[in-house]
Protein chains: 2
Amino acid sequence: MIDTNASNGFNLYKKELMSVRILIVDDHPLVLEGLKSLLADAEGVQVVGTATNAIEAIAFLKNNEVDIAFLDINLPDISGIDLCKKVKEQFPEVKTLALSTFNERAYVSRMIQNGASGYLIKSSGKEDILEAITQVQAGGYFMNVQFDQVTPATAPKTVPFLTRREKEVLVLIAEGLTNPQIAEQLFISVTTVNSHRQNLLIKFEVSNTASLIKLAAGLGLI
Amino acid sequence: MIDTNASNGFNLYKKELMSVRILIVDDHPLVLEGLKSLLADAEGVQVVGTATNAIEAIAFLKNNEVDIAFLDINLPDISGIDLCKKVKEQFPEVKTLALSTFNERAYVSRMIQNGASGYLIKSSGKEDILEAITQVQAGGYFMNVQFDQVTPATAPKTVPFLTRREKEVLVLIAEGLTNPQIAEQLFISVTTVNSHRQNLLIKFEVSNTASLIKLAAGLGLI
DNA sequence: TGAAAAATCATGCTTTTATAGGATTGATCC
DNA sequence: GGATCAATCCTATAAAAGCATGATTTTTCA
């Protein structure tokens, strides 16, 4: 359900002129509530809407003016990473700020690659969040990740870019299908499946299925 | 049952007599803030403390009286599942309520097994949360999971009980080691490693490594 | 419209897993 | 003190995955 404080092209609430209009996209009401609560008493900041999935988020952006969209990395329908890309394509003037549980280099680079202006881990404090808004609104970038909890040795430097087919194969592998079964499912030959599989191993910089699935699971790809 | 509202002879904070004293353990300030905010205006409920990891949580419980502890499943140091067990061992009078992002049968049964009185998914609304507190404080159980997003066909009914050796092998498999490499690492024969591996497949009710790792990753085992 | 990327398929070989069917030694628990 | 379970080891075979080295055909897009 979309929470519309502002809707239909014009803004009903002009209590704070010049305030930064913020849309929060997260499927956890607690996080929504927490952010709203933290931003409620902040000067020059106004949460104009919230959404719990990508569809709602896009719908809201179509009908409302938003300066900064906070995007959760893990959403029920599509990943925040993909949503970020969509948002920047359809609403290039909207700045995006990634919200994530994880402090991982891989996520960050991928989000930035997709046009995000910043990256906030959910364990950020109020100061960080306000600082991020200020920076981003001013056209800058913000990220407070430290990468202290070093990414495991098996982790790739970035989230590999996967093709449509590779994603499909990856999902089917994770579901426990063997190459012959995947081939049957996708109406392609076993050797083709195997090619995609090898490409996945190369892109993830691993040497077997176990590592592949572990990484992909950790990245929320499956 | 200990009457915790009247213990120690006197109560330092009598602002709200009979109020349920709550400790929230979650490593995300946003979630903490969200919950506090949601509970702030609720009658008969008082958030007496928050902790962002298991150590802090245990320390707080040693020095304070708490009726219900909200435990996040994913904590930085140990898993909420293990923390739940510890809490029930050391402070049996404290009721625990699991907080999780996931709507998974496996987590629930594991938490209940470890003494939790309830299970709340983070996408719960205010009503659910208050209802949970009421139920649990009255000595009952609460859980609002629906398992609607049906657990994948490959999911086991419960988190399988793994032996020490099986856990070790599982972790090494996930790290990408092959049977010969694991054997070398653990100073046992390849056939033994293979036995443990087969037992893992049987316990998780899967037929290959990919499914195994996906499940184990989803359950936070690796 | 041409280059680049993706998807398709192939052969041959090696290594690893999966599956089946065992057996033996300790430890733990009623 | 017998039962149970964990951990160890074994043989043997089939299936699958991993690795190398290709090639052809679509698609995409600048």
Side-chain angles (χ1 to χ4, degrees), chain A residues 82 85-86 88-90 92 110 113-115 154 156 158-217 221-222, chain B residues 153-154 156 158-217 221-222:
Chain A
D82 291 337
K85 197 175 179 182
K86 279 200 167 53
K88 295 306 286 187
E89 278 167 12
Q90 294 182 40
R110 191 63 181 281
Q113 195 180 317
N114 281 357
T154 49
T158 61
V159 177
F161 169 75
L162 302 184
T163 68
R164 187 194 99 247
R165 224 31 167 178
E166 284 162 0
K167 281 181 198 164
E168 286 175 0
V169 171
L170 174 59
V171 168
L172 294 175
I173 292 172
E175 283 177 9
L177 302 204
T178 64
N179 284 348
Q181 290 170 329
I182 294 171
E184 197 181 356
Q185 182 107 348
L186 298 179
F187 303 106
I188 56 180
S189 95
V190 179
T191 61
T192 305
V193 175
N194 199 46
S195 290
H196 292 310
R197 189 173 196 133
Q198 299 311 317
N199 287 334
L200 284 167
L201 294 181
I202 292 167
K203 288 189 177 179
F204 278 88
E205 297 174 15
V206 295
S207 61
N208 62 30
T209 302
S211 305
L212 174 68
I213 298 301
K214 184 193 172 191
L215 272 182
L221 263 36
I222 50 180
Chain B
T154 48
T158 61
V159 178
F161 170 76
L162 302 183
T163 67
R164 186 193 99 251
R165 223 33 164 177
E166 283 161 1
K167 280 182 199 163
E168 286 175 0
V169 170
L170 174 59
V171 168
L172 294 175
I173 291 172
E175 283 177 10
L177 302 203
T178 65
N179 284 348
Q181 290 170 330
I182 295 170
E184 198 181 357
Q185 183 107 348
L186 299 179
F187 304 107
I188 56 181
S189 97
V190 179
T191 62
T192 305
V193 175
N194 200 45
S195 289
H196 292 311
R197 188 171 197 135
Q198 298 313 315
N199 287 333
L200 284 166
L201 294 181
I202 292 168
K203 287 189 177 180
F204 277 89
E205 297 175 15
V206 294
S207 61
N208 63 31
T209 303
S211 303
L212 173 69
I213 298 302
K214 184 193 173 192
L215 273 181
L221 263 37
I222 49 179

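For clarity, every value in this text was computed on a predicted model and none was experimentally measured.
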To the nearest Å, how far apart are [X] [atom1] and [N] [atom2]?
| X | N | atom1 | atom2 | answer |
| --- | --- | --- | --- | --- |
| B:Asn179 | C:dT17 | CG | P | 5 Å |
| B:Arg164 | C:dA27 | CZ | P | 13 Å |
| A:Glu168 | C:dA7 | CD | P | 8 Å |
| B:Leu172 | C:dT16 | CG | C1' | 16 Å |
| A:Glu166 | C:dA5 | CD | P | 13 Å |
| A:Ile202 | C:dA6 | CD1 | C1' | 14 Å |

TODO: Taking heavy atoms of chain B and a 4.0 Å limit, find me the 5'-most and 3'-most nucleotide of DNA chain D within that range.
DONE: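 Result: D:dA6 to D:dT11.
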
Under-4.0 Å side-chain N/O to phosphate OP1/OP2 contact, A:Thr163 with C:dA7: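 A:Thr163 to C:dA7 OP1/OP2: side-chain N or O found under 4.0 Å.
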
Query raised in the report: Within the pair A:Thr192 and C:dA7, is there a side-chain N or O less than 4.0 Å away from OP1 or OP2?
Result: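 Indeed not, no polar side-chain atom of A:Thr192 lies that close.
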
Check: Which atom names give the shortest non-hydrogen contact between A:Ile213 and B:Lys214, and what distance separates them?
Finding: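 So the minimum-distance heavy-atom pair works out to CG2-N, 3.5 Å.
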
Short N/O separations, protein against nucleotides 19-22 of chain C, under 3.5 angstrom:
unit_1	atom_1	unit_2	atom_2	d
C:dT19	O4	B:Asn194	ND2	3.4

### Message
Looking at B:Asn208 and A:Gly176, would you say the former's side chain and the latter's main chain have a donor-acceptor pair under 3.5 Å?
### Response
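Yes: the side chain of B:Asn208 pairs with the backbone of A:Gly176.
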
As a quick check of understanding, evaluate side-chain contact (heavy atoms from CB on, under 4.5 Å) for B:Glu205 and B:Leu215, giving each step before the final call.
CA-CA 10 Å; B:Glu205 297 175 15; B:Leu215 273 181; over 6 Å; no

